[in-house]
There are 2 protein chains.
Amino acid sequence: MVAGRVSRLGLVLLGLLDREARAGYDLVKLFAETPMGHFSDSPGAIYPALKRLEALGLVTGADHDTDAGRRRRVYRVTDAGRERLLAWLRQPVTRAEMQRREGELALRFTFMDSRVPTEIVDAFLRSYETTAIEVADDLAAYLDAGRGTEHGRFTVDLGLRNYRAHVAWARDVRRERAWTLVRQEA
Amino acid sequence: MVAGRVSRLGLVLLGLLDREARAGYDLVKLFAETPMGHFSDSPGAIYPALKRLEALGLVTGADHDTDAGRRRRVYRVTDAGRERLLAWLRQPVTRAEMQRREGELALRFTFMDSRVPTEIVDAFLRSYETTAIEVADDLAAYLDAGRGTEHGRFTVDLGLRNYRAHVAWARDVRRERAWTLVRQEA
DNA sequence: AGTTACATGTAAGACGTTACATGATTCA
DNA sequence: TGAATCATGTAACGTCTTACATGTAACT
């Protein structure tokens, strides 16, 4: 295990690079275009993040000269980087994480493709669903208790609706996965 | 208008202090207990933020000695602070804001209590609903276009469900507001 | 007497935002 | 030739996180 923290942006970059080797500029464009968990599409964030990943030995950058002599530094994930990425994906779903950083969990799911063992994905979705249920129950209890201001309660209600959507999502994805697994076996 | 940026945490503190004068410790506890848009309940964030607000002249802190000689620095919002808070609440709802910082908008609604003119609250909810519809439509279009990986599409689907919940929420809140207004007139 | 809760703060470090700088290439 | 795009970076700045420090008061 490599020492040193990796920021959320770093982990996302790791996930993207694991799929396909890319240059920093490609990633900048990618963030600007895709409607994902909204990250800084600013080079001032991405280039330093890539350098940090390289310093930790999680990615390696190689200067490729394109057809036209333009320099491009293409990064690819190392074995240690792949390990680190998997460690991130494998992390259990906690309430703290779900409440603190909405979207980071979904992001993890995004990177759980064919390389990740099915059991890990299943475990993720199961714990995602149960955790979302817990959080939703908490919010519902808060509303039942009748605390907070009127608008504060409305805001909590919005959170509650969101978590219910999370629950339904996890359930639906699991269902769809079960369905495709059955089809594959047939 | 006071110059100088105010962080999101700063704005939240401003909103809370506008309601009721409090000491830093009260705010620390508040964040630790309430299930709101998840902020750092760490003193290392809150105390400096209060000092920044004070330096900008948006709040004033006064040392009160409690019954028992324990020192407590109680902060209250100044006129300039109230102005700044209102300016924040009045800001139009933009797509960028909705996509970048989920929850900040809901936070704004939380602080729109009786002091805020009804028209502003109505305008907020209306633009909130239309903006959420726009964003949801975008995500739906992305899914229709069939781009992205399988799991990436699932993640976008989660986002879509969330935005649909936002739309429904805004609609319901508006409806309920209309209802209570009718009751008040009767 | 020792632990918990009250209450305020500082210091180090990491990270992201914004803005700027640089230079090559392609296209009008 | 000039503008837009490609492509990589740096510097300043503010803010949050984590961890630590300090001291009082209440409870057991």
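Only a predicted model underlies this, so the values are computations on that prediction, with no experimental measurement involved. Just so we're on the same page: letters track the sequence lines, and every chain starts at 1.
Closest to the A:Arg72 side chain, of the nucleotides C:dA7, D:dT8, C:dC15, is D:dT8. Side-chain atoms of A:Leu9 lie closest to C:dG16 of the nucleotides C:dG16, D:dG9, C:dT8. In the set D:dC16, C:dA7, D:dG9, the nucleotide with an atom closest to the side chain of B:Tyr25 is C:dA7. With D:dG9, C:dT8, C:dT10 as the choices, the nucleotide that has an atom nearest any side-chain atom of A:Tyr75 turns out to be D:dG9. Nearest to the side-chain atoms of B:Pro48 among the listed nucleotides D:dT5, C:dT8, C:dT10 stands C:dT10.
Across A:Leu13 and A:Phe31, no two heavy atoms sit closer than the pair CD2-CE1, 3.7 Å.
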Between protein and nucleic acid, restricted to nucleotides 17-19 of chain C and to nitrogen or oxygen atoms under 3.5 Å apart, what atom pairs and distances do you find?
| unit_1 | atom_1 | unit_2 | atom_2 | d |
| --- | --- | --- | --- | --- |
| C:dT17 | OP2 | A:Ser40 | OG | 2.9 |

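Here D:dG14 presents its C1' atom at 12 Å from CG of B:Leu56, a figure rounded to the nearest Å. Rounded to a whole Å, the CZ atom of B:Arg73 is 11 Å from the P atom of C:dT10. In this entry the distance linking CG of B:Asp63 with P of C:dC6 reads 19 Å, nearest Å. Atom CG in B:Leu50 sits about 15 Å away from atom C1' in C:dT10, given to the nearest Å. In this structure, A:Leu27 places its CG atom 14 Å from P of C:dG16, rounding to the nearest Å. Per the geometry, NZ belonging to A:Lys29 stands 14 Å off C1' belonging to D:dA4, to the nearest Å. Between B:Leu53 atom CG and D:dT15 atom C1' the separation is 13 Å, expressed in whole Å.
For the side chain to side chain donor-acceptor pair (under 3.5 Å) condition, the pairs that include at least one residue of residues 130-140 of chain A, sequence neighbours left out, are A:Arg95-A:Glu134, A:Arg95-A:Asp138. Residue pairs meeting the side chain to side chain donor-acceptor pair (under 3.5 Å) criterion with at least one member in residues 41-57 of chain A, sequence neighbours excluded, are A:Glu54-A:Arg73.
Here B:Ala49 lies out of heavy-atom contact (under 4.0 Å) with every strand. In this structure, A:Arg8 reaches neither bases nor backbone, as no heavy-atom distance under 4.0 Å exists between it and the strands shown.
The side chain of B:Lys51 contributes no N or O atom lying less than 4.0 Å from OP1 or OP2 of C:dT8. The side chain of B:Arg52 contributes an N or O atom lying less than 4.0 Å from OP1 or OP2 of D:dT15. Side-chain nitrogen and oxygen atoms of A:Tyr47 include at least one within less than 4.0 Å of the OP1 or OP2 phosphate oxygen of D:dT8.
Between the CG atom in B:Asp18 and the CG atom in B:Leu11 there is a gap of 12.0 Å [rounded to 0.5 Å].
One hydrophobic cluster, built from ILVMFWY side chains closer than 4.5 Å, cannot hold both A:Leu160 and A:Val167; they sit in different ones.
A heavy-atom distance below 4.5 Å is found between the side chains of B:Tyr128 and B:Leu105.
With salt bridges taken as basic N to acidic carboxylate O contacts below 4.0 Å, one links A:Arg108 and A:Glu97. Looking at A:Asp157 and A:Arg161, a side-chain N of the basic residue comes within less than 4.0 Å of a carboxylate O on the acidic one, giving a salt bridge.
Position along DNA chain C of the nearest nucleotide to A:Gly10 versus B:Val28 favours B:Val28 as the more 5'-ward residue.
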